[in-house]
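What follows is a set of notes on a single structure, which appears directly below.
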Amino acid sequence: MLDRTQGLSLSVNPAAVPFGTRPLAPGMGMEIVGVDCAGEISDETFQRISDTWHDNCVVLFRNQSLDEEKEWKFARRFGETGKVHHNHKGGSKFPGVMYISNVRENGELIGALPDGEMFFHHDQCYIEKPAIATMLYAMEVPSTGGNTIFANMFAAYDALPADIKARLEGLKAMHVYDYQSNPTTRGAVIKEGTPHYAHPVVRVHPGNGRKALYVNRLMTDHLVGFERRASDELLNYLFDHSEQKQFLYEHVWTPGDLLIWDNRSCIHARTDFSAAERRLMRRVAIVG
Ligand code: SIN
């Protein structure tokens with residue numbers, strides 16, 4: 001029987017090297033080396049981690065060895081850990097902790113979002129106070145695929161033509177998510193009672209004052225106050241614009257990787273993978 005509370009046993013001690021950073025892609029993302037996320041982290045080092053994260057949308061720590069409690073404790077340095085919505089059996093006593101997995105025990109899924117491709121989205125944008133950050137720790141990964149792709153929404157906003165930026169001023173978009181049916185691709189019909197919330201299309205990041213686009217292909221349904229056709233036209237333009245290659249970083253997972261992404265400044269998606277291979281990730285939602 002799988003013990004999901006355990007971390008991985010890894011031979012590399014990340015704290016044996018000094019704090020350093022390495023860009024993950026030209027458009028976004030930074031690897032941080034020299035930090036053991038399960039160990040003692042001084043306020044000064046944490047401030048460096050936090051600044052690096054705000055400016056680069058995503059940070060990666062490799063070769064980490066984290067059980068549920070250690071991952072949750074590290075997540076708590078970033079803020080309160082929140083409520084999670086899911087429709088699977090497995091759970092955790094630590095608030096905000098859940099599993100993303102296609103693994104079944106006695107025929108039942110132990111994690112959420114089990115299979116295949118996921119469209120780009122911001123976590124929890126369909127509620128009033130979405131998670132500001134998400135932490136994802138890889139425990140088991142398929143031999144190919146199941147990669148997580150991030151898009152830098154600061155850069156996507158900056159690159160918009162001036163007339164589009166002017167059109168977006170003051171607009172709100174309605175975000176909707178049905179996590180009971182297929183949660184990975186957009187449904188054609190939205191069921192009554194599905195969680196939804198309208199947020200500004202452009203948001204200012206409180207950590208650095210930069211503007212970021214806040215719409216995504218999976219969960220953004222319409223622009224508030226627009227006719228459906230006009231809304232679809234502008235939203236499809238924004239989805240295609242923000243998913244361009246120059247704004248992306250695609251992470252190919254190795255067990256022991258810990259990623260933290262900023263839901264205020266990036267969207268993420270997942271590539272397809274074989275249902276015959278196991279994928280087990282532990283996720284913590286940080287609400288601020
Ligand atoms: C998620 O959207 O939280 C899951 C991403 C992943 O499974 O890579």
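Heavy atoms only: backbone and side chains are in, while hydrogens, waters and symmetry mates are out. Numbering of residues begins at 1 and proceeds along the displayed sequence. Start at 1 and go down the list; that is how both ligands and their atoms are numbered.
Ligand 1 lies less than 4.0 angstrom from a heavy atom belonging to Ile100. No heavy atom of Met281 sits closer than 4.0 Å to any atom of ligand 1.
Here is the list of ligand 1 atoms found below 4.0 Å of a heavy atom in His268: 1 (C), 2 (O), 3 (O). Close approach of ligand 1 to Met118 (heavy-atom distance below 4.0 Å) involves ligand atoms 2 (O). Close approach to Arg279 involves these atoms of ligand 1, each under 4.0 Å from a residue heavy atom: 6 (C), 7 (O), 8 (O).
None of Tyr249, Trp253, Trp261 except one satisfies the side chain to side chain donor-acceptor pair (under 3.5 Å) rule with Thr148; the exception is Trp253. Test His54, His122, His205 against Asp262 for side chain to side chain donor-acceptor pair (under 3.5 Å) and you get one pass: His205.
Rounding to the nearest 0.5 Å places CD1 of Ile32 at 4.5 Å from CZ of Phe19.
Among all protein heavy atoms, the one lying closest to atom 8 (O) of ligand 1 is Thr148 OG1, 2.6 Å.
Using modelled atom types, one finds a donor on one side chain and an acceptor on the other under 3.5 Å when comparing Tyr99 with Glu68.
At under 3.5 Å, a nitrogen or oxygen of Arg283, whether backbone or side chain, sits near a nitrogen or oxygen of ligand 1. Inclusion of Trp253 in the set of residues having an N or O under 3.5 Å from an N or O of ligand 1 is not warranted. Residue Trp261 places no N or O, backbone or side chain, under 3.5 Å from any N or O of ligand 1.
Taking 4.5 Å as the limit, some side-chain heavy atom of Arg283 sits within range of a side-chain heavy atom of Asp123.
Between His199 and Tyr197, the gap from one ring centroid to the other is short of 6.0 Å.
Ring geometry for His241 against Phe247 counts as tilted: the plane angle lies between 30° and 60°, on a 0 to 90° scale.
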